[in-house]
Structures are given as structure tokens and as C-alpha cells.
Peer 1: 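For reference, the structure I am asking about is given below.
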Amino acid sequence: DAGVTQSPTHLIKTRGQHVTLRCSPISGHKSVSWYQQVLGQGPQFIFQYYEKEERGRGNFPDRFSARQFPNYSSELNVNALLLGDSALYLCASSLNRGQNNEQFFGPGTRLTVL
Amino acid sequence: AQSVTQPDIHITVSEGASLELRCNYSYGATPYLFWYVQSPGQGLQLLLKYFSGDTLVQGIKGFEAEFKRSQSSFNLRKPSVHWSDAAEYFCAVATFSGGYNKLIFGAGTRLAVHP
């Protein structure tokens with residue numbers, strides 16, 4: 001079975017640009033979460049989507065947005081990129097949104113902002 | 001506030017030696033705890049998890065972890081380290097609030113293995 005997939009693998013942008021990252025969850029998983037991992041730190045929660053609705057949001061500015069499609073895939077959008085947005089962006093899927101639902105992570109998208 | 005602390009940023013062990021990575025958590029309700037491993041440039045792979053029951057949990061690749069509620073700890077152990085275990089290890093606690101769940105991660109411990 002295919003795991004969580006993310007695209008692209010790597011991305012280089014300049015300050016002020018916009019970026020879209022994509023995630024396909026494991027088949028049958030209805031929940032997708034996004035995390036930002038800055039170099040040398042643990043991942044930080046950005047969003048959780050469940051059944052195509054935003055269910056939770058971390059402490060990130062409004063420049064960060066996301067959506068989930070009917071097939072449960074998801075996009076993360078970041079506007080007006082800053083140097084500090086350079087990070088590994090991880091997508092995780094789970095069956096549901098309960099606390100005891102294991103989250104399966106994709107390989108991530110490495111974003112570099114110059 | 002909910003948090004996870006991994007006191008050791010970097011640990012170096014010799015191949016074949018035993019390993020213990022420390023993790024302390026702060027969470028008011030029943031903790032759901034995880035250990036993940038991340039190889040360079042890769043995503044996160046789940047090593048093991050604790051939800052309830054036996055406080056000693058077994059995971060993949062020969063790892064185990066012990067949940068100690070009195071110490072708010074969930075330390076990861078391996079009796080004999082292999083060179084392929086060199087990676088970064090993250091401890092995490094799952095929270096559920098406001099109708100959604102999220103993982104709170106520690107800062108990670110980078111493990112180096114000497115031959």
C-alpha cells in the first residue's frame with residue numbers, strides 16, 4: 001500500500017512569492033495534518049483538516065492557508081514568503097481525528113526561501 | 001502548558017553499546033506518547049507508541065520505551081545499537097482539544113554511532 005505522498009520534494013522560492021505544497025493521504029484516511037520543521041527543531045503543528053474542513057490551527061500567521069479536497073488530498077499555501085519560512089513541511093494522515101489515532105508522515109517538502 | 005522536553009541534543013555511542021534517550025512531557029490529561037525516528041532528509045517513522053496498559057512498550061528495530069507517570073517520562077531504550085540507528089529521534093505527545101488532535105514534539109536528540 002502507498003504511504004503518504006508529498007510533492008514537490010524540493011522547492012526554491014524568493015521572498016514575497018507564493019508557494020503551494022501538495023499531500024496525498026493513505027487510502028481511507030480522512031484526516032490530514034500539516035507540520036513545519038525548521039532546521040534543528042522538532043515539527044510544529046500548522047493545521048488539521050478532517051472531512052474537508054479545517055478543524056484546528058496552530059500558531060501561524062494568516063499567510064498560511066490550506067484546504068482539503070473531496071478525495072482527502074490537501075494543499076498547503078503560503079503567501080508573501082519570508083526567509084523564516086524555509087523549512088521541511090511535513091504532511092501526516094490518520095484515519096480519524098481522535099487523540100489515539102496514529103499519524104503517518106510523508107517524506108516532506110523542503111522549502112528554501114532566498 | 002503542554003510540552004515535551006528532550007534534554008539531550010546530541011548523543012554519541014559506540015556500536016553495540018546500550019542506548020537510552022530521555023523524554024519528559026507536560027500534559028494534564030491521559031498522555032498518548034510516541035517516539036519517531038528521522039533519517040537525514042527524510043520524513044518521520046514511528047518507532048513505538050503508548051496509549052494505555054503495560055508501561056513497557058516494544059517497538060520496531062529492537063527499541064522499547066517505558067512510561068513512568070510519576071516522573072512524566074517516556075524514555076527510549078535499545079540494548080545494542082547498530083550503526084544504522086544513527087538518526088534524529090523525536091518524542092511526541094498527542095493532544096486533543098477543540099475537536100482536533102495534534103502532536104507536540106520535543107526538539108529532538110541526534111544520535112551518532114561510532115564503529
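Computed from a prediction, not measured in an experiment: that's the story for all the values here. Proteins come first, then strands; the chains are lettered A, B, ... in the order of their sequence lines, and each starts at number 1.
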Peer 1: Are A:F45 and B:Y100, when compared by the centres of their aromatic rings, separated by less than 6.0 Å?
Peer 2: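 When the ring centroids of A:F45 and B:Y100 are compared, they turn out to be within the sub-6.0 Å range.
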Peer 1: Between B:E88, B:K102, B:Q42, which residue shows the highest count of heavy-atom pairs closer than 4.5 Å to chain A?
Peer 2: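 Top count of heavy-atom pairs under 4.5 Å with chain A: B:K102.
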Peer 1: Rounded to the nearest 0.5 Å, what separation is found between the OH atom of B:Y36 and the CG atom of A:L90?
Peer 2: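 Reported to 0.5 Å precision, the distance equals 10.5 Å.
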Peer 1: Find out whether A:Q103 and B:N101 are in side-chain contact, i.e. whether some heavy atom of one side chain is under 4.5 Å from a heavy atom of the other.
Peer 2: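 With C-beta onward as the side chain, the pair touches.
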Peer 1: Flag yes if more than 12 heavy atoms outside A:K30 fall under 6.0 Å of its NZ atom; otherwise flag no.
Peer 2: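 Check fails, neighbour count at 12 or below.
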Peer 1: Hydrophobic clusters here meaning ILVMFWY residues chained together by side-chain heavy-atom distances under 4.5 Å, can you tell me if B:I60 and B:F67 are in one?
Peer 2: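 Shared cluster, yes.
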Peer 1: Is there a path from B:V113 to B:L76 through hydrophobic residues (I, L, V, M, F, W, Y) whose side chains come within less than 4.5 Å of each other?
Peer 2: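 Same cluster: B:V113 reaches B:L76 through Ile, Leu, Val, Met, Phe, Trp or Tyr contacts under 4.5 Å.
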Peer 1: Quick check on the hydrophobic clustering: are A:V32 and A:I26 connected, directly or via other members, by side-chain heavy-atom contacts under 4.5 Å?
Peer 2: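 No, A:V32 does not connect to A:I26 through the hydrophobic network.
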Peer 1: Pull out the residues in residues 104-114 of chain A that come under 4.5 Å of chain B, heavy atom to heavy atom, sorted by number.
Peer 2: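 Counting heavy atoms that sit under 4.5 Å from chain B, the residues of residues 104-114 of chain A involved are A:F105, A:G106, A:P107.
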Peer 1: Does B:L103 offer a backbone N or O that forms a donor-acceptor pair with the side chain of A:Y35 under 3.5 Å?
Peer 2: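 Judged by distance alone, yes, a pair lies under 3.5 Å.
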Peer 1: Go through B:Q38 and A:L88 one step at a time and tell me if the side chain to side chain contact (heavy atoms under 4.5 Å, CB included) criterion holds.
Peer 2: CA-CA 12 Å; B:Q38 185 177 40; A:L88 180 69; 3.6 Å; yes
Peer 1: Please check if the number of heavy atoms outside B:H114 that lie under 6.0 Å from its NE2 is greater than 12.
Peer 2: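 No - once you tally the heavy atoms of other residues, nucleotides and ligands closer than 6.0 Å, there are 12 at most.
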Peer 1: At a 4.5 Å cut-off on heavy atoms, which part of B:L44 comes close to chain A: side chain, backbone, both, or neither?
Peer 2: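 Contact with chain A is through both the backbone and side chain of B:L44.
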Peer 1: Strictly less than 4.5 Å between heavy atoms, which residues of residues 57-85 of chain A line up against chain B? Please order them by number.
Peer 2: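 Under the 4.5 Å heavy-atom cut-off, A:R57 qualify.
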Peer 1: With side chains defined as the heavy atoms from C-beta onward, is the minimum distance between B:K49 and A:E102 less than 4.5 Å?
Peer 2: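 Sidechains of A:E102 and B:K49: in contact.
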Peer 1: Considering only heavy atoms, which portion of A:Q6 lies under 4.5 Å from any heavy atom of chain B: side chain, backbone, both, or neither?
Peer 2: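 Looking at A:Q6, nothing touches chain B.
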Peer 1: Report whether B:L48 and B:V81 are members of the same hydrophobic cluster (ILVMFWY, side-chain heavy atoms less than 4.5 Å apart, transitive linking).
Peer 2: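 Same hydrophobic cluster.
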Peer 1: Do A:W34 and B:F96 belong together in a cluster built from hydrophobic side chains that touch within less than 4.5 Å?
Peer 2: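 No.
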